[in-house]
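Read the structure below first, then the notes.
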Amino acid sequence: MPELPEVETIRRQLSKKIIGKKLNDKKIAGLRRRAKILIIDFADGSSLVIHLKLTGQLILNGEPSRYTRKVFNFNDGSQLIFNDARKLGWWRKVKETRKIEEKFGPEALEMRFETFKELLQKRPNSKIKPLLMDQKFIAGIGNIYSDEILFAAKVHPLRQVKTLKDKEIQLIHQNIKKILRKAIQYRGTTMQDYRDACGREGDYTNHLQIYQKEGKKCSRCGTIIKRVKLAGRSAHFCPNCQK
DNA sequence: GACAATGTTACAGT
DNA sequence: CACTGTAACATTGT
């Protein structure tokens with residue numbers, strides 16, 4: 001589930017609560033996020049790297065359930081529970097994180113317009129939605145937010161990059177930041193599995209305009225929202241607003 | 001049974 | 001090499 005806003009929500013919540021605690025005698029110095037990966041840094045320079053994939057949860061002092069795959073026990077008796085119904089998520093201890101961090105494109109929230117435009121010019125034949133979701137291209141955007149960003153920018157998800165006008169590239173760039181920031185404010189989106197580190201659902205679900213709204217009316221023009229399959233995923237769009 | 005599901009990656013094909 | 005689409009991973013829910 002978790003895309004950038006969900007992982008960032010967990011990172012911020014855990015930062016307030018577990019920095020300074022010890023895990024296996026190693027003191028937690030800080031928490032970072034790269035793309036959709038959570039990185040817990042220890043004082044000795046090593047790190048614990050966690051990817052929640054589709055259904056992973058990290059809940060502080062939660063109740064273990066049938067989906068609990070790992071319990072991280074801190075020195076003060078508190079616990080971080082890793083639940084993962086589909087078992088696709090993983091965690092790994094590493095000496096250094098450089099190799100992991102290198103694999104990704106620029107962070108979606110930190111990317112300047114010029115950088116975005118230059119990147120797009122390298123992939124003129126790609127369709128815009130799968131490109132936004134390609135972590136080697138831009139880090140942090142997944143299926144939910146790529147739909148929401150393209151709806152906000154009024155760009156059709158199947159548009160080829162080379163057909164995008166400068167104004168449209170600007171709108172996509174602006175809305176990447178606008179939508180992701182707003183989603184972080186609301187602690188992310190819960191479709192089914194996602195929970196924040198306190199075990200709560202994300203409230204951005206109530207602000208979705210297009211994702212999983214097939215058959216409903218577009219909030220801008222009333223046209224019935226459509227869904228198409230591409231790259232094995234669903235893309236939702238308004239056939240009237242998004243050209 | 002069919003289909004879909006927040007992610008990533010390997011592989012086959014164009 | 002660039003790019004696209006599909007399957008696979010493992011499981012639940014409708």
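Note: hydrogens, waters and symmetry copies are ignored here, and every other heavy atom, side chains too, is used. Labels below follow one simple rule: chain letters A, B, ... track the order of the sequence lines, proteins then strands, and each chain is numbered from 1. Computed from a prediction, not measured in an experiment: that's the story for all the values here.
A salt bridge links A:E102 with A:R98: the closest approach of a Lys/Arg side-chain nitrogen to an acidic carboxylate oxygen falls below 4.0 angstrom. Between A:R32 and A:D41, at least one side-chain N (NZ, or NE/NH1/NH2) sits under 4.0 Å from a carboxylate O, which counts as a salt bridge. Using a 4.0 Å cut-off between a side-chain N of Lys or Arg and a carboxylate O of Asp or Glu, A:R187 and A:D196 qualify as a salt bridge.
Put simply, A:R86 has no side-chain N or O that comes within less than 4.0 Å of OP1 or OP2 on B:dG7. Residue A:K127 places at least one side-chain N or O under 4.0 Å from the OP1 or OP2 atom of C:dG5. Between A:K36 and B:dG7 there is a side-chain polar atom (N or O) within less than 4.0 angstrom of OP1 or OP2. Listed pair A:H51 / B:dG7 fails the phosphate criterion, with no side-chain N or O lying under 4.0 Å from OP1 or OP2. Contact check, A:Q192 against B:dT6: no side-chain N or O comes under 4.0 Å of OP1 or OP2.
Of the nucleotides present, none pairs with C:dA10 by Watson-Crick or G-U wobble criteria with both distances under 3.5 Å. Checking B:dT6 for Watson-Crick or G-U wobble geometry (two distances, each under 3.5 Å) identifies no partner in any strand.
Nearest to the side-chain atoms of A:A85 among the listed nucleotides C:dT12, B:dG7, B:dT6 stands C:dT12. In the set C:dC3, B:dT6, C:dT11, C:dC3 carries the atom at the smallest distance from any side-chain atom of A:S126. Relative to the side chain of A:K229, the nucleotides C:dC3, B:dG7, B:dA4 differ in distance, and B:dA4 lies closest. Taking the side chain of A:L54 as heavy atoms from C-beta on, and the options C:dT12, B:dT6, B:dT8, the nearest nucleotide is B:dT6.
Going from atom CD1 of A:I100 over to atom P of B:dG7 covers 19 Å, rounded to whole Å. A straight line from CG of A:L38 to P of B:dT8 spans 14 Å, rounded to a whole angstrom. A:L52 has its CG atom 18 Å from the P atom of C:dA10, to the nearest Å. At whole-Å resolution of the value, CE in A:M133 and P in B:dT8 are 8 Å apart. A:D84 places its CG atom 13 Å from the C1' atom of B:dT8, with the value rounded to the nearest Å. As rounded to whole Å, 14 Å separates atom C1' of C:dT11 from atom CG of A:N83. Rounded to an integer number of Å, the gap from CG of A:D134 to P of B:dT8 is 10 Å. The nearest whole Å value for the distance from the CZ atom in A:F137 to the P atom in C:dA2 is 14 Å.
Among the atoms of the strands shown, only primed sugar atoms or phosphate atoms (P, OP1, OP2) are found under 4.0 Å from some heavy atom of A:Q212. Here A:R69 lies out of heavy-atom contact (under 4.0 Å) with every strand. Backbone-only contact: A:Y67 has heavy atoms under 4.0 Å from sugar-phosphate atoms and none from a base. Looking at heavy-atom distances under 4.0 Å, A:K103 makes contact with sugar-phosphate atoms alone, never a base. No contact: A:P5 has no heavy atom under 4.0 Å from any strand. Residue A:S234 is in sugar-phosphate contact alone, with no base atom involved, counting any heavy-atom pair closer than 4.0 Å across all strands shown. A:R233 comes within 4.0 angstrom of a nucleotide base, judged by non-hydrogen atoms across all strands.
Of the C1' atoms belonging to C:dT4 and B:dT6, the separation is 23 Å, rounded to the nearest Å. Between B:dA2 and C:dA8, the two P atoms lie 15 Å apart (nearest whole Å).
The aromatic rings of A:Y204 and A:Y186 sit tilted, their planes meeting at an angle between 30° and 60°. Relative orientation of the A:H156 and A:F237 rings is tilted, given thresholds of 30° and 60° on the angle between their planes.
Among A:L80, A:I81, A:V7, the single residue meeting the side chain to side chain contact (heavy atoms under 4.5 Å, CB included) criterion with A:L58 is A:L80.
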Query raised in the report: Stepwise, does the salt bridge (charged side-chain N to carboxylate O under 4.0 Å, His left out) test hold for A:E107 with A:R34?
Result: CA-CA 7 Å; A:E107 280 291 320; A:R34 177 77 171 110; 3.0 Å; yes
